[in-house]
> 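To start, I am sharing the structure in question, which I have written as structure tokens.
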Amino acid sequence: MSAKSTKPVRVSFYGNFGSGNLGNEATLQAVIEQVQQRWPRAELLCFCTNPQDVRTRHNIAAFPSEAVEKTAAKSLSAPGRRDRLARLFRIAFRRLPLELLHWGKTLRAVSHSDVLIVAGTGIVGDYLTGPLGWPYDIFKLSTLAALCRVKLVFLCIGVGPIHHPLSRWFLKWSLALARHRSYRDEASKQYMQKIGLNADRDFVYPDVVFGLSQGDLASGAQAGQRPIVGLGIKDYRTTEPEAFQEYLDTMAAFVSWLQGQGYCVRLLIGDIQYDTWVREAFVDLLKSRNVPTNPPLLLVEPVLTVREQLRQVGETEAVISARYHNLVTALILNKPVITLSDHAKLDSLATDFGLAQYLLPLANLSADALIGTFKQLANDTERLRPYIKAELDKYRRALDPLYATLFPAEAKAPAEPSSMTKIAKFLMRRRSPVDLYIRLNTWVWKRLPSGLRNTGPMRWYGTIFHRLVLRRANRRQFTGTFFFRNRPQLELMRHLAGKKPPGSTLKIAVLGCSIGAEVYSILLAIRTARPDLNVCLSAVDNTPEVLEVARQATYSAQVCNFVGEAIFERMTDAEFAEMFEGDRREARVRPWLREGISWHLGDAGDPGLVRILGPQDMAVASNFLCHMGPSEAENCLRNIAAIVKPGGYLFATGVDLDVRTKVAREMCLRPVPELIDEIHEGDPVLRRDWPFAWWGLEPLNKERDDWQLRYATAFLVNKGN
């Protein structure tokens, strides 16, 4: 806040708050903490389903977000009162007048706000309420915020499923009016794009609960006690009654096994209203099977607040749950988790956090599968804890710029566009003139004859256009790759390896190794040419699931779907037979190629990388630096170059040419002149997508004085470095 401000900023929140869902309450608590930390004088108001609960729980003002409570509406439509005439009478003389009155009251409340934040809570969907539930309520508040020139923010929301066309219209309209839109996972952003919202300028950030203040909490069981496993119990009987009973049976068998292995079990819930009865029914089920239900073997305690839930989870060693925020709470307390998924948000959480190998579908879950996964988790616990902590720190750091942008220390009242301007922006689907220019140029460029695209004037224009694309790009990492992606580069590696004395050791580090396609391509190229060399290869990636695919060295249609590419398409049949056992439906790399590889879960930008890997004869960084911002990519490339011993070679492809040129010049890296032209043209994907994609590679221009330094991908590290 500015010291000169005369009025405090007025911030409003909207979500499914006050209904007893502890994950939703943790969301609101986390956002309140961030607002109060930056704007201590801010006046807070919450539009919610249960204002009294929010007032008591969070000590802020609250306003009902519904004209008629959903529970009351359900009771009015219960069997025995569905007479058509009576229903029309209720709508005409009760629901409509109440709804119009609520519009007026809400307009007045919204007009007193400066910012309206829609924060998560799973309301951007209609799978529980239909179009006249949350989609309509969001539409109401968003429209009123636009009319009142209130800054509308959709903060780290999850999206979907959205079934009804009217729901899609309500939600597209509402999100189009927002000044800021961010999603808690990439899948949510893509969902909105698929239903027609232009989300190119939107952002993906971690769930806001990852930024929740933890306070002074317990961590693990006390000395002398058995280790405690947290088991989340979830109610979904109304949608799948038979599957729900099978789920309870599986959980009961799992609890019995855990107790037999020396564990205590703590039953966790995520929703007070829906899960409390399930916990009680589950205890009765355990008693009927003679499974101990008394402390300390089974811990069943009431939980009414986020603080109590944090304490309970803090005393566990690991958590298994199908509740999204049970898992988030465990992760922020550095607990390894097993995700039982029945929703895309759970898949995204496990995958984005690098814990996909501990992800099980909730449908048809078996006790044996759960026990097997838990054994794997128990074996990996000590390895996972520092990894989870590092990921959590990364998530917290990722949230900092988001809050710094939304809640700047100097809170000003920027000039707001009129409502008509916002409606016009919606009709343009929020495409700025620059975005429209980029789209138009992309469309035209793809349809130009190749001869025209390769003329001097068009190359010059393409260079200017590509710079604009780089400035506007919302970069993100991809896992797509191929075996033998760039054959000329493999040929150069084979040539340089050929200079090693007979019988010597060649150390190679492959950074961002993804699923291992490049690792095995390099090894095949070098070992077939120089079988006398002792090739020791260190493969590094920061995503556990892709690293595990690389380590297993088994490739199938599922792996192709995982990375989104036909990974074998650039291999000949002879090369395939030389590298793999099996056929193209499922193939495993031959043992002689899998030897001598060490796998490392790590970050290529970690300054401690040289201590972990040691000096290398070659370091390879292919096709991941371009997905970073220039500053991050530059620091990462410098770090990678530092692990190459004097006289060794650095290979760097798929990186902004300005970044690579700057680093090479400042670190006095000498470009290797062999095969520059061939390697530059060696990956058709990079050349094809220039100038309209940020990863696109510009045409080689030998008229530049620095053309070798700019276009070389291999560099000799001088002894002076």
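From a predicted model like this one, the values you see are computed outputs, not experimental measurements. The residues of the chain are indexed from 1 along the displayed sequence.
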> Does the side chain of Phe17 come within less than 4.5 Å of His58's, by heavy atoms?
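No - every pair of side-chain heavy atoms lies 4.5 Å or more apart.
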> Apply side chain to side chain contact (heavy atoms under 4.5 Å, CB included) to the pair Lys151 and Leu116, showing each step before the final yes or no.
CA-CA 6 Å; Lys151 181 180 179 181; Leu116 173 60; over 6 Å; no
> Thinking salt bridges, do Lys189 and Asp202 make one under a 4.0 Å N-O criterion?
no
> Say whether Ser188 and Asp185, considering side chains only, have a donor N or O and an acceptor N or O under 3.5 Å apart.
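Yes.
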> Which residue pairs satisfy the ring pair (Phe, Tyr, Trp, His ring centres under 6.0 Å) criterion with at least one member in residues 318-347, sequence neighbours excluded?
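Listed by first then second residue: Tyr127-His343.
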> Are Phe407 and Trp39 close enough, and set up right, to give a ring-ring contact (aromatic ring centres under 6.0 Å, His included), and what steps lead you there?
CA-CA 7 Å; Phe407 315 128; Trp39 296 342; 5.4 Å; yes
> List the residues meeting side chain to side chain contact (heavy atoms under 4.5 Å, CB included) with His627, not counting sequence neighbours, and say none if there are none.
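Partners of His627 under the side chain to side chain contact (heavy atoms under 4.5 Å, CB included) test: Gln477, Phe478, Trp694, Trp695.
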> Using 0.5 Å steps for rounding, measure from the CG atom of Leu152 to the OG atom of Ser142.
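Separation between the atoms: 4.5 Å.
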> Apply side chain to side chain contact (heavy atoms under 4.5 Å, CB included) to Glu43 and Val11, showing your working.
CA-CA 6 Å; Glu43 296 178 355; Val11 181; over 6 Å; no
> Please check if the side chain of Ser111 supplies one atom and the backbone of Arg108 the other of a donor-acceptor pair under 3.5 Å.
yes
> Just jot down the ring pair (Phe, Tyr, Trp, His ring centres under 6.0 Å) partners of Phe170, sequence neighbours excluded, or say none.
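With neighbours one apart ignored, the set is Tyr136, Phe139.
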> Should the pair His466 and Trp690 be assigned to parallel (<30°), tilted (30 to 60°) or perpendicular (>60°) ring geometry?
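Plane angle between 30° and 60°, so tilted.
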> Kindly say whether Ile269 contributes a backbone atom to a donor-acceptor pair with the side chain of Gln309 at under 3.5 angstrom?
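Yes, Gln309 side chain to Ile269 backbone: donor-acceptor pair under 3.5 Å.
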> Might you work through the side chain to side chain contact (heavy atoms under 4.5 Å, CB included) test for Leu155 and Leu402, ending with a clear yes or no?
CA-CA 9 Å; Leu155 180 63; Leu402 169 64; 3.6 Å; yes
> Look at the side chain of Ser182 and the backbone N and O of Cys156, then say whether any donor-acceptor pair between them is shorter than 3.5 Å.
yes
> Of all heavy-atom pairs between Asp207 and Arg184, which one has the smallest distance, and what is that distance?
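Distance-wise, the nearest heavy atoms are OD2-CD, 3.7 Å.
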> What residues form a side-chain hydrogen bond (donor to acceptor under 3.5 Å, both in side chains) with Lys105, not counting sequence neighbours?
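Once residues adjacent in sequence are excluded, Lys105 has no partner under the side-chain hydrogen bond (donor to acceptor under 3.5 Å, both in side chains) criterion.
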> Which heavy-atom pair separates Asp606 from Asn639 by the least distance, and what is that distance?
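Smallest heavy-atom distance, with atoms named: O-ND2, 2.8 Å.
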> Closest heavy-atom contact between Asn542 and Leu601?
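Here Asn542 and Leu601 meet closest at C-CD1, 3.7 Å.
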> Return yes if some donor-acceptor pair links the side-chain N/O of Lys335 with the main-chain N/O of Thr316 below 3.5 Å, else return no.
yes
> A side-chain contact here means heavy atoms from C-beta on lying under 4.5 Å apart; do Arg467 and Ile464 qualify?
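Of all side-chain heavy-atom pairs linking Ile464 with Arg467, at least one is under 4.5 Å.
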> Return the CG to CG distance between Leu310 and Leu333, rounded to the nearest 0.5 Å.
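One gets 5.5 Å once the value is rounded to the nearest 0.5 Å.
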> Side chains of Ile320 and Leu340: closer than 4.5 Å at any heavy-atom pair?
yes
> Look at Arg475 together with Asp656 and state whether they make a salt bridge at an N to O cut-off of under 4.0 Å.
yes
> Nearest 0.5 Å, please: how far is CG in Asp114 from CZ in Arg10?
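Between Arg10 CZ and Asp114 CG, I get 4.5 Å after rounding to 0.5 Å.
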> Restricting to non-hydrogen atoms, name the atom on Cys636 and the atom on Met628 that form the minimum distance, rounded to 0.1 Å.
SG-CE, 4.0 Å
> Please list, chain by chain and in numerical order, all residues satisfying side-chain hydrogen bond (donor to acceptor under 3.5 Å, both in side chains) with Arg385, sequence neighbours excluded.
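Here the qualifying residues are Glu317.
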> What's the spacing between Ser12 OG and Ile117 CD1 if we round to 0.5 Å?
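Between atom OG of Ser12 and atom CD1 of Ile117 there are 8.5 Å.
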> As an exercise, state the distance from CG of Asp541 to SG of Cys513, rounded to the nearest 0.5 Å.
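Between Asp541 CG and Cys513 SG, I get 4.5 Å after rounding to 0.5 Å.
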> Hey, mind stepping through Leu697 and Leu657 against side chain to side chain contact (heavy atoms under 4.5 Å, CB included) and telling me if it holds?
CA-CA 8 Å; Leu697 181 61; Leu657 297 188; 3.8 Å; yes
> Of the non-hydrogen atoms in Gly18 and Asp53, which two are nearest, and what is the gap between them?
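Closest pair (atom of Gly18, atom of Asp53, distance): CA-OD1, 3.4 Å.
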> Partners of Thr305 by side chain to side chain contact (heavy atoms under 4.5 Å, CB included), sequence neighbours excluded?
Arg57, Arg307, Glu308
> Working to the nearest 0.5 angstrom, can you tell me the gap between Tyr191 OH and Tyr183 OH?
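Spacing of OH (Tyr191) from OH (Tyr183) equals 13.0 Å.
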> Can you name the salt bridge (Lys or Arg N to Asp or Glu O under 4.0 Å) partners of Asp271, sequence neighbours left out?
none
> With sequence neighbours excluded, what pairs up with Arg323 under the side-chain hydrogen bond (donor to acceptor under 3.5 Å, both in side chains) test?
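Only Asp275 meet the side-chain hydrogen bond (donor to acceptor under 3.5 Å, both in side chains) criterion with Arg323.
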> Does this structure show an ion pair linking Arg397 with Asp393, if we count only N-O contacts that are shorter than 4.0 Å?
no
> Side chain to side chain contact (heavy atoms under 4.5 Å, CB included) with Arg55: which residues, sequence neighbours excluded?
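Testing Arg55 for side chain to side chain contact (heavy atoms under 4.5 Å, CB included), a comparison that skips the adjacent residues, returns Pro51, Gln52, Ala62.
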> For the side chain of Arg168 and the backbone of His163, is there at least one donor-acceptor N/O pair under 3.5 Å apart?
yes
> Check side-chain hydrogen bond (donor to acceptor under 3.5 Å, both in side chains) between Ser348 and all other residues, then give those that pass, not counting sequence neighbours.
none
> Report yes if some heavy atom in the side chain of Ser321 is under 4.5 Å from a heavy atom in the side chain of Leu268; otherwise report no.
no
> Could you tell me which residues satisfy side chain to side chain contact (heavy atoms under 4.5 Å, CB included) with Ser167, sequence neighbours excluded, listed by chain and number?
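Counting only residues at least two positions away or on another chain, Ser167 forms a side chain to side chain contact (heavy atoms under 4.5 Å, CB included) with Asp126, Pro131, Pro135, Ile162, His164.
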> Would you call Gln37 and Gln34 a side-chain contact if the rule is heavy atoms closer than 4.5 Å?
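A side-chain contact exists here, since the closest heavy-atom pair is under 4.5 Å.
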> So, do Leu392 and Leu331 sit near enough that their side-chain heavy atoms are less than 4.5 Å apart?
no
> Can you find a heavy atom in the side chain of Phe63 that is under 4.5 Å from one in the side chain of Leu45?
yes
> Return the minimal non-hydrogen interatomic distance between Cys46 and Val54, and the atom names on each side.
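Between these two residues, the closest heavy atoms are CB-CG1, 3.9 Å.
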> Name the atoms and distances for all side-chain donor-acceptor pairs under 3.5 Å in residues 353-363, with sequence neighbours left out.
residue: Gln357; atom: OE1; partner: Gln376; partner atom: NE2; Å: 2.8
residue: Tyr358; atom: OH; partner: Asp380; partner atom: OD2; Å: 2.5
residue: Tyr358; atom: OH; partner: Arg383; partner atom: NH2; Å: 3.4

> Hydrogens and angles aside, do Asp347 and Ser341 bring a side-chain donor and acceptor to less than 3.5 Å of each other?
yes
> Angle between ring planes, Trp169 versus Trp173, binned at 30° and 60°: parallel, tilted or perpendicular?
parallel
> Would you say the side chain of Phe47 lies within less than 4.5 Å of the side chain of Phe13, judging by non-hydrogen atoms?
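With C-beta onward as the side chain, the pair stays apart.
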